[in-house]
Amino acid sequence: MVRTRIAPSPTGEDIHIGNLYTAYINWVFAKKYDGKFIVRIEDTDRSRLVAGAEDKILSSLKAFGIEADEDVLKGGEFEPYRQSERLEIYKKHVLELVDKEKAYYCTCTQDRLDFIRAKMQKEKILPRYDKHCLSKQEEVKKEISEGKKYVIRLNVPVDEIVEFEDVIRGVISINTSSLDDQVLLKSDGFPTYHLAVVIDDHLMEISHVIRAEEWISSTPKHILLYQAFEWDLPIFAHVPILRNPDKSKLSKRKNPVWASWYLEEGFLPQAVLNYLSLMGWSHPEEKDIFDTEEFINTFTLERISPVGPVFDIKKLTWMNGQYIMRLTDEDLKTKILDFFKNENLDEEIVAKSTPLIKERIKTLKDYLNIAKFLFQKPTEYEISLMDKKNIIAQILRKVENIDDFSAKNIGDCLQPLAVKLEVSNSDFFMTLRVVMSGKKITPPLSESMEILGKDECLERLRAAILD
RNA sequence: GGCCCCAUCAUCUAGAGGCCUAGGAUACCGGGCUUUCAUCCCGGACACACGGGUUCGAAUCCCGUUGGGGUCACCA
């Protein structure tokens with residue numbers, strides 16, 4: 001049984017786009033093998049907890065269609081799915097490790113820790129805990145019974161090789177001498193990530209740990225824990241970290257990183273997911289555009305490349321445009337209406353204009369940029385109409401006499417006027433375009449005028465003359 | 001800095017020894033279509049980091065160098 005998970009921390013505004021990426025890979029992998037996808041909330045850092053973050057993460061995941069089979073809302077066989085509610089479990093297990101002498105109590109103060117760290121740094125040796133408390137456990141236990149604050153540390157063996165296999169990168173081996181005696185249980189009684197992740201992944205029967213590359217260097221600690229507990233290892237796959245254009249880890253300083261930002265900018269979930277699937281992975285037939293179902297069918301972990309890809313919003317934007325073009329008119333109308341629900345747009349106008357703007361917008365947000373004039377009169381003109389008054393007056397007279405106000409007929413009636421006035425087509429229609437919309441770039445003119453209707457067009461022509 | 005991971009156009013990538021005078025996509029530049037813009041079509045410029053091996057033959061395998069990234073917390 002394939003069981004995958006993501007373990008977001010409610011410490012930010014929303015789910016990070018990089019986490020959305022790993023979530024998608026995990027979800028797709030589970031779907032491909034008829035497995036289960038679990039969302040586990042890792043809220044063990046009480047100091048960085050952000051109120052509302054958990055809800056936001058869950059709702060964003062849902063907005064992108066990545067639904068968990070087991071999570072804090074749905075529950076499941078292995079609940080609770082919030083780590084702060086599993087404290088007893090961690091405690092019990094870590095004590096087991098102490099019994100086995102794989103872990104030990106430590107009552108060192110932060111001051112002492114800071115001191116030895118500084119000293120080691122000065123001596124240019126790797127700063128890490130010096131196992132000071134390990135040799136005097138009885139004494140330490142006595143201190144603890146007297147109420148002294150303590151942590152429990154992993155007793156990392158000296159100078160051993162820890163090896164594990166990563167599906168994407170092959171065998172990775174690290175000497176334990178580069179590992180610290182990691183704190184497993186913090187003094188507030190909460191586990192650290194390293195303890196909690198191993199226990200939960202085991203207890204929740206996670207078969208494949210698919211997570212970001214930044215976890216590679218702490219995986220040996222996890223291996224040591226699995227060995228200490230005498231548990232079987234899951235399969236590890238470390239997917240690449242998404243990068244800023246300067247190749248550093250994707251960060252909010254340099255890029256929009258919150259998943260919901262993309263939705264707010266008018267990107268379609270499917271387009272974002274499709275783009276994300278191309279990060280470190282490519283379709284065997286070199287396709288760019290494909291839906292989730294096809295991704296599930298063709299995806300393999302082995303095909304993920306270990307190279308960290310730059311997140312290129314330009315290509316995402318192109319892809320989003322492609323998705324918008326492929327939407328049915330009805331579907332696009334609904335999406336635009338929903339996107340601009342606060343604007344209370346006239347549904348009929350949106351419906352009529354949708355086919356006109358379909359190939360012209362890259363995001364839903366672009367819609368009003370290009371079509372706003374259909375809902376309201378221009379407030380200014382991008383081109384001066386001062387020396388065009390005569391032309392406009394002639395157009396006005398002509399338009400007054402058009403009875404069949406269809407796009408085709410409007411064009412047919414106006415075209416001869418351009419010839420008669422000896423004005424080039426582009427000049428003539430640009431003038432009219434600006435009169436109608438105020439802008440130089442618009443959807444097709446005759447069609448737009450048809451949507452506006454004869455009366456509205458006449459009003460705009462008169463307004464332009466008076467301007 | 002130690003350890004670990006990585007290395008094909010600006011970017012995402014194809015490529016698993018001969019099919020590669022390296023293919024596609026985005027972006028960019030030019031042209032066509034066109035009542036603006038967009039779509040669409042055609043064309044262009046642009047890459048195997050470097051140095052050693054192995055081999056009849058290397059973008060592909062090995063080693064080194066360089067470069068980039070990650071990680072070294074009672075954060076995840």
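Side-chain atoms are counted along with the backbone in the values below, which use heavy atoms only and exclude waters and symmetry mates. Letters A, B, ... mirror the listed sequences (proteins, then strands); counts begin at 1.
Residues that satisfy the side chain to side chain donor-acceptor pair (under 3.5 Å) test with A/Lys365, not counting sequence neighbours, are A/Glu265. Remark: A/Asn19 engages A/Ile15, A/His16, A/Thr22 in a side-chain contact (heavy atoms from CB on, under 4.5 Å) (not counting sequence neighbours).
Straight-line distance from the CD atom of A/Glu285 to the C1' atom of B/A25: 15 Å, rounded to whole Å. Across the protein-nucleic acid pair, A/Tyr367 atom OH and B/C37 atom C1' stand 16 Å apart, rounded to whole Å. When rounded to the nearest whole Å, the span between CD of A/Gln121 and P of B/G1 equals 15 Å. Taking atom CG of residue A/Asp45 and atom C1' of nucleotide B/C75, one finds them 5 Å apart after rounding to whole Å. Put simply, CZ on A/Phe290 is 12 Å from P on B/U13, counting in whole angstrom units. Here B/U36 presents its P atom at 9 Å from CG of A/Asn425, a figure rounded to the nearest Å. Distance A/Glu165 CD to B/C5 P: 13 Å, rounded to the nearest Å. Rounded to whole Å, atom C1' of B/A27 lies 7 Å from atom CG of A/Asp312.
Applying the 4.0 Å criterion to OP1 and OP2 of B/U35, one finds that A/Lys440 has every side-chain N and O outside that range. Taking side-chain N and O atoms only, A/Arg40 has no distance below 4.0 Å to OP1 or OP2 of B/A76.
The residue A/Ser9 sits close only to the backbone: its heavy atoms come under 4.0 Å of sugar-phosphate atoms, none of a base. Among the atoms of the strands shown, base atoms are found under 4.0 Å from some heavy atom of A/Ser446. Note on A/Pro240: nothing from the nucleic acid sits closer than 4.0 angstrom, heavy atoms only. Counting non-hydrogen atoms under 4.0 angstrom, A/Arg46 reaches nothing in the nucleic acid. Note on A/Met279: only backbone sugar-phosphate atoms sit closer than 4.0 angstrom, heavy atoms only; bases stay farther off. At the heavy-atom level, A/Thr44 lies under 4.0 Å from the strands shown only through sugar-phosphate atoms. Among the heavy atoms of the strands lying under 4.0 Å from A/Arg433 is at least one base atom, whether or not backbone atoms are also near. Counting non-hydrogen atoms under 4.0 angstrom, A/Lys287 reaches nothing in the nucleic acid. Across all strands shown, A/Gly321 has no heavy atoms under 4.0 Å from either base or sugar-phosphate atoms.
B/U71: Watson-Crick or G-U partner is B/G2, with both key distances under 3.5 Å. Both distances falling under 3.5 Å, in either a Watson-Crick or a G-U wobble arrangement, occur for no nucleotide opposite B/C33. The partner of B/A7, taking Watson-Crick or G-U wobble pairs whose two distances both stay under 3.5 Å, is B/U66. With both pairing distances under 3.5 Å, B/C28 is matched to B/G44 as a Watson-Crick or G-U wobble pair. Pairing for B/G18 is with B/C56, a Watson-Crick or G-U wobble pair whose two hydrogen-bonding atom distances lie under 3.5 Å. The base-pairing partner of B/U39, taking Watson-Crick or G-U wobble contacts with both distances under 3.5 Å, does not exist among the strands shown.
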Every protein N/O within reach of nucleotides 32-34 of chain B N/O, cut-off under 3.5 Å:
none

Are any protein N/O atoms closer than 3.5 Å to N/O atoms in nucleotides 70-74 of chain B? If there are, list each pair with its distance.
unit_1, atom_1, unit_2, atom_2, d
B/G70, OP1, A/Lys249, N, 3.0
B/U71, OP1, A/Lys249, NZ, 2.6
B/U71, O4', A/Ser217, OG, 3.2
B/U71, O2', A/Ser217, OG, 3.3
B/A73, OP2, A/Arg117, NH1, 2.4
B/C74, O2, A/Ser187, N, 2.8
B/C74, O2, A/Ser187, OG, 2.8
B/C74, N3, A/Ser187, OG, 3.1

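For B/U66 and B/G51, the C1' atoms lie 10 Å apart once the distance is rounded to whole Å. Taking atom P on both nucleotides, B/G1 is separated from B/A59 by 32 Å, rounded to a whole Å. For the P atoms, the distance linking B/A47 with B/U11 amounts to 12 Å, nearest Å. The C1' atoms of B/U26 and B/A14 are separated by 15 Å, rounded to the nearest whole Å. Atom name P, nucleotides B/C6 and B/G43: the rounded distance is 39 Å, in whole Å. Rounded to whole Å, the separation between the C1' atoms of B/U39 and B/A45 comes to 24 Å.
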Could you tabulate the donor-acceptor pairs under 3.5 Å formed by side-chain atoms of residues 416-434 of chain A, not counting sequence neighbours?
unit_1, atom_1, unit_2, atom_2, d
A/Ser424, OG, A/Asp427, N, 3.2
A/Asn425, OD1, A/Gln415, NE2, 2.8
A/Thr431, OG1, A/Asp427, O, 2.9
A/Arg433, NH1, A/Thr442, OG1, 2.7

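Side-chain contact annotation: A/Gln121 with A/Arg117, donor-acceptor N/O pair under 3.5 Å absent. A donor-acceptor pair shorter than 3.5 Å cannot be found between the side chains of A/Asp329 and A/Thr354. Between A/Asp43 and A/Ser84, the side chains place a donor N or O and an acceptor N or O closer than 3.5 Å (distance only, hydrogens not considered). For the 3.5 Å distance criterion, the side chains of A/Asp114 and A/Gln110 qualify, holding a donor opposite an acceptor. A donor-acceptor pair shorter than 3.5 Å can be found between the side chains of A/Tyr104 and A/Asp181. Using modelled atom types and a 3.5 Å distance limit, the side chains of A/Thr109 and A/Asp111 yield no donor-acceptor pair.
Two rings, from A/Tyr275 and A/Phe311, have their centers less than 6.0 Å apart. A distance below 6.0 Å separates the ring centres of A/Phe295 and A/Tyr24. Ring to ring, A/Trp215 and A/Tyr193 are close: their centroids are under 6.0 angstrom apart. Aromatic pair A/Tyr226/A/His202: ring centres not closer than 6.0 Å.
Residues A/Asn175 and A/Pro443 both approach RNA chain B. Their nearest nucleotides, taken by heavy-atom distance, put A/Asn175 toward the 5′ side. For the pair A/Leu278 and A/Met325, both in contact range of RNA chain B, the more 5′-proximal nearest nucleotide belongs to A/Leu278.
Partner A/Thr107 forms a side chain to side chain donor-acceptor pair (under 3.5 Å) with one of A/Lys136, A/His132, A/Lys141, A/Glu143 and no other, that one being A/Glu143.
Between the side chain of A/Arg48 and the base of B/C75, a donor-acceptor pair under 3.5 Å is found. Between the base of B/U39 and the side chain of A/Arg360 there is no donor-acceptor pair shorter than 3.5 Å.
Of the candidate nucleotides B/U39, B/C6, B/A76, B/C6 has the atom nearest to the side chain of A/Val307. Among B/C40, B/A76, B/U26, the nucleotide with an atom closest to any side-chain atom of A/Lys315 is B/U26.
Between the side-chain ring of A/Phe429 and the base of B/U35, a stacking contact exists by the 5.5 Å and 30° definition.
Atom CD of A/Glu302 sits in a crowded spot, with more than 12 heavy atoms from other residues, nucleotides or ligands closer than 6.0 Å.
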How does protein contact run along nucleotides 61-66 of chain B, one letter per nucleotide 5' to 3', with B for base contact, S for sugar-phosphate only, - for none, heavy atoms under 4.0 Å?
------

